[in-house]
There are 2 protein chains.
Amino acid sequence: MPDLIHDGDSAAAVSSLRSAVMLLGRRLKHQRVDESLSPTEMSVLGTLARCGSATPGELARKEHVQPPSMTRIVALLEAKGLVRLEPHPDDRRQKMVSRTEQAEAMLAESRSKRNAWLANLAEGLDEDEWEKLRAAAPVLEKLAHL
Amino acid sequence: MPDLIHDGDSAAAVSSLRSAVMLLGRRLKHQRVDESLSPTEMSVLGTLARCGSATPGELARKEHVQPPSMTRIVALLEAKGLVRLEPHPDDRRQKMVSRTEQAEAMLAESRSKRNAWLANLAEGLDEDEWEKLRAAAPVLEKLAHL
DNA sequence: GTAACTCATTAGCAATGCTAAATACCAGTC
DNA sequence: GACTGGTATTTAGCATTGCTAATGAGTTAC
């Protein structure tokens, strides 16, 4: 790993990444597939889709949100019938949160809409640019979870 | 440009990009260099650094925010001594917003702190991964501004 | 000169995050 | 068994930051 702080090119890349990620993130927030679902709620459903089920505390850590915030998010999702809450098998303080079939269907439907928006935006890129972005996507995802 | 929506790999990349950008964006929000400055305020200063000066309306469009929101942001920045407001030369409805020397200094100082945080996170990547990310950074920036 | 438009602002609201404190539970120690 | 300290979740209240609708000032086209 080069010295990211003192290598000029890398410093420029880091700065570029930051502003791009923040701006793109703000624009993505507006592209809700389901108007009644916030970005974080969507993200939680996505996490549950990957992990199967988790406790509120685990979800809060994974989403980088404080536990009280996750409490509200989970409550909203439950009210919408998108997650199910069950008692934790070993620890009665905790709960197990898992998604419902309804959430499954919504995720599938929304995924195509989301992809369409971003893909449409990406039409403004040429072949070469898109190739670079595609190569970097898994890396960016890894970075986001580090 | 390939058919981004129906090509499986590209669809996966798009989906991956979206979640990564949103999560990383949320984490970046917490890495404020000046605790009293919101991410959007920072972004406005960055835009002013690139553009020199602009009207509130132009800033709102560039930041993908509604005009009333920009009014408040500009007012807060002015109260902090980070931007200056001058009458528009041609149109008395509009104002020209430009950054102060204080903003300049703050941007420079904060840039290094921001870079340090992201660079530190990127230490978890190997050489090859970082190379991909660096290649994609300008593309991501272009995409965000499309 | 007036009608229609545009820019910025004000007022009020909604969403979404936070901290501090309360509640329920677990685990180790006397 | 009861006590003490620690952890998970929730409740209550607050701050931030975005929005829409409506207002006021200024411009432009007819």
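This one's a predicted model, so the numbers in the text were calculated from it and none came from an experiment. Residue numbering restarts at 1 for every chain, and letters A, B, ... go by the order of the sequence lines.
A heavy atom lying under 4.0 Å from DNA chain D marks none of the residues of residues 79-87 of chain A.
Under the side chain to side chain contact (heavy atoms under 4.5 Å, CB included) criterion, A:R72 pairs with A:L76, sequence neighbours left out. For B:Q66, the side chain to side chain contact (heavy atoms under 4.5 Å, CB included) partners at least two apart in sequence or on another chain are B:P68, B:S69. With sequence neighbours left out, the side chain to side chain donor-acceptor pair (under 3.5 Å) criterion links A:S43 to A:E63. Here A:E78 pairs with A:V83, A:L85 under the side chain to side chain contact (heavy atoms under 4.5 Å, CB included) rule; sequence neighbours left out.
Protein atom CD of A:Q66 is 15 Å distant from nucleotide atom C1' of D:dA15, rounded to whole Å. Counting to the nearest Å, the C1' atom of C:dA8 and the CG atom of B:L59 are 13 Å from each other. Rounded to whole angstrom, the span from the CZ atom of B:R72 across to the C1' atom of D:dA15 amounts to 11 Å.
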Classify every nucleotide of nucleotides 21-27 of chain C by which part a protein heavy atom approaches to under 4.0 Å, writing B for the base, S for the sugar-phosphate alone and - for neither, in 5'-to-3' order. ---BBS-

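Inter-residue side-chain proximity for B:L37 and B:K80 is flagged as met; some heavy-atom pair is nearer than 4.5 Å.
Of all nucleotides listed (C:dT16, D:dT9, D:dG18), D:dG18 comes nearest to the side chain of B:S69.
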Review item, side-chain donor-acceptor pairs of residues 138-146 of chain B, under 3.5 Å, at least two apart:
residue	atom	partner	partner atom	Å
B:E141	OE1	A:S16	OG	2.7
B:E141	OE2	A:S19	OG	3.1
B:K142	NZ	A:E129	OE1	3.0
B:K142	NZ	A:E129	OE2	3.1
B:H145	ND1	B:E141	O	2.9

Do any side-chain atoms of residues 50-59 of chain A form donor-acceptor pairs under 3.5 angstrom with protein atoms, and if so which ones, sequence neighbours left out?
residue	atom	partner	partner atom	Å
A:T55	OG1	A:E58	N	3.1
A:E58	OE1	A:T55	N	3.0

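Sorted by first and then second residue, the salt bridge (Lys or Arg N to Asp or Glu O under 4.0 Å) pairs with a member in residues 89-103 of chain A read A:R84-A:E101, A:D91-A:R93, A:R99-A:E104; sequence neighbours excluded.
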